[in-house]
**Student:** 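One structure is given below, represented as structure tokens, and several questions about it will come after.
Just so you know, these numbers come straight off a predicted model, no measurement behind them. For ligands, and for the atoms within them, numbers begin at 1 and follow the listed sequence.
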Amino acid sequence: MNIVLIGFMGTGKSTIGRKLAAKLGMEFYDTDQDIEEVTGMTIPQLFKKHGEIRFRSEEAAAVKRAMRKDGRVIATGGGVVLNPDNVALLKQNSFMVCLTADKDTIYERVRRKKNRPLLHGDMQKNIERLLKEREPYYQVADIYIDTSACSVEEVEQQIIEAFKAGQER
Ligand code: S3P
């Protein structure tokens, strides 16, 4: 069984995923990090040089690599759910957690960072637009956790409890 974290940018997937994996003694796998390692480029470089379509195809390949092994905590990029093939693969033998946050919290978390090409320009507007566009795509998880007002430890605890309860069923 893998634990897969999906959710919008800035909802805490990588931060929480890394800690959760350490706590559960599972391997941590981050699809964005994998893409950067495989392509030898940062995500912004990849978008700039080759565009979003190429990024999405690298992302689909990273999802395949992520799911090759069992017992992992897998953090994904916010747009991974846009491709139904990714969703189908990620849902196989996994517990899928969708992390959420309100738009102001997301903005506060991402505003000083320049590593998210899709938010370049008017960040607040872009966040609002993408959140709306993507809402239906995130409705594929086993549980949803709002991270806006929770500490990393609290979110971790909620995931662990739900994961264990799911396994006992
Ligand atoms: C993206 C989210 C990013 C990264 C890329 C595209 C998206 O990951 O994969 O910039 O489409 O939402 P995070 O969700 O980790 O920021």
**Student:** Do I74 and M67 make a side-chain contact, defined as non-hydrogen atoms from C-beta onward lying under 4.5 Å apart?
**Tutor:** yes
**Student:** Under 4.0 Å from a heavy atom of R134: which atoms of ligand 1 are those, numbered in the order shown and with their elements?
**Tutor:** 7 (C), 11 (O), 12 (O)
**Student:** Taking the side chain as every heavy atom from C-beta outward, state whether R68 and R65 have any atom pair closer than 4.5 Å.
**Tutor:** yes
**Student:** Considering heavy atoms of the protein only, find what lies nearest to atom 5 (C) of ligand 1 and give residue, atom and distance to 0.1 Å.
**Tutor:** F55 CZ, 3.8 Å
**Student:** With heavy atoms under 4.0 Å as the rule, classify the contact between R56 and ligand 1 as side chain, backbone, both or neither.
**Tutor:** side chain
**Student:** Taking everything shown except K91 itself, do over 12 heavy atoms lie less than 6.0 Å from its NZ?
**Tutor:** yes
**Student:** Is there a nitrogen or oxygen of G79 sitting under 3.5 Å from a nitrogen or oxygen of ligand 1?
**Tutor:** yes
**Student:** Counting from 1, what ligand 1 atoms have a heavy atom of D32 closer than 4.0 Å?
**Tutor:** 3 (C), 4 (C), 8 (O), 9 (O), 13 (P), 15 (O)
**Student:** How far is atom 16 (O) of ligand 1 from the closest protein heavy atom, and which atom is that?
**Tutor:** R116 NE, 2.6 Å
**Student:** Provide the number and element of each atom of ligand 1 under 4.0 Å from a heavy atom of L118.
**Tutor:** 7 (C), 11 (O)
**Student:** In terms of residue, atom name and distance, what is the protein heavy atom nearest to atom 2 (C) of ligand 1?
**Tutor:** G78 N, 3.3 Å
**Student:** Examine the side chains of N93 and N2 and answer whether a donor and an acceptor come within less than 3.5 Å of each other.
**Tutor:** no
**Student:** Which ligand 1 atoms are under 4.0 Å away from a heavy-atom of I43?
**Tutor:** 5 (C), 10 (O)
**Student:** Is ligand 1 under 4.0 Å from a heavy atom in the side chain of R109, in the backbone, in both, or in neither?
**Tutor:** neither
**Student:** Relative to the heavy atoms of P117, which atoms of ligand 1 are at a distance of less than 4.0 Å?
**Tutor:** 10 (O)
**Student:** Tell me, do F95 and V4 make a side-chain contact under 4.5 Å, heavy atoms counted?
**Tutor:** no
**Student:** Just wondering, are more than 12 heavy atoms of other shown residues or ligands nearer than 6.0 Å to NZ in K64?
**Tutor:** no
**Student:** Is it the side chain, the backbone, both or neither of T31 that has a heavy atom closer than 4.0 Å to ligand 1?
**Tutor:** neither
**Student:** Assign the ring pair F47 / F55 to parallel, tilted or perpendicular, where the plane angle (0 to 90°) is split at 30° and 60°.
**Tutor:** tilted
**Student:** What are the atoms of ligand 1, with element, lying closer than 4.0 Å to any heavy atom of K13?
**Tutor:** 13 (P), 14 (O), 15 (O)
**Student:** Which heavy atom of I106 sits nearest a heavy atom of M9, and at what distance?
**Tutor:** CG2-O, 3.4 Å
**Student:** I need the atoms of ligand 1 closer than 4.0 Å to a non-hydrogen atom of G77, numbered in the order shown.
**Tutor:** 8 (O), 9 (O), 14 (O)
**Student:** Is there side-chain contact between N86 and T76, with at least one heavy-atom pair below 4.5 Å?
**Tutor:** no
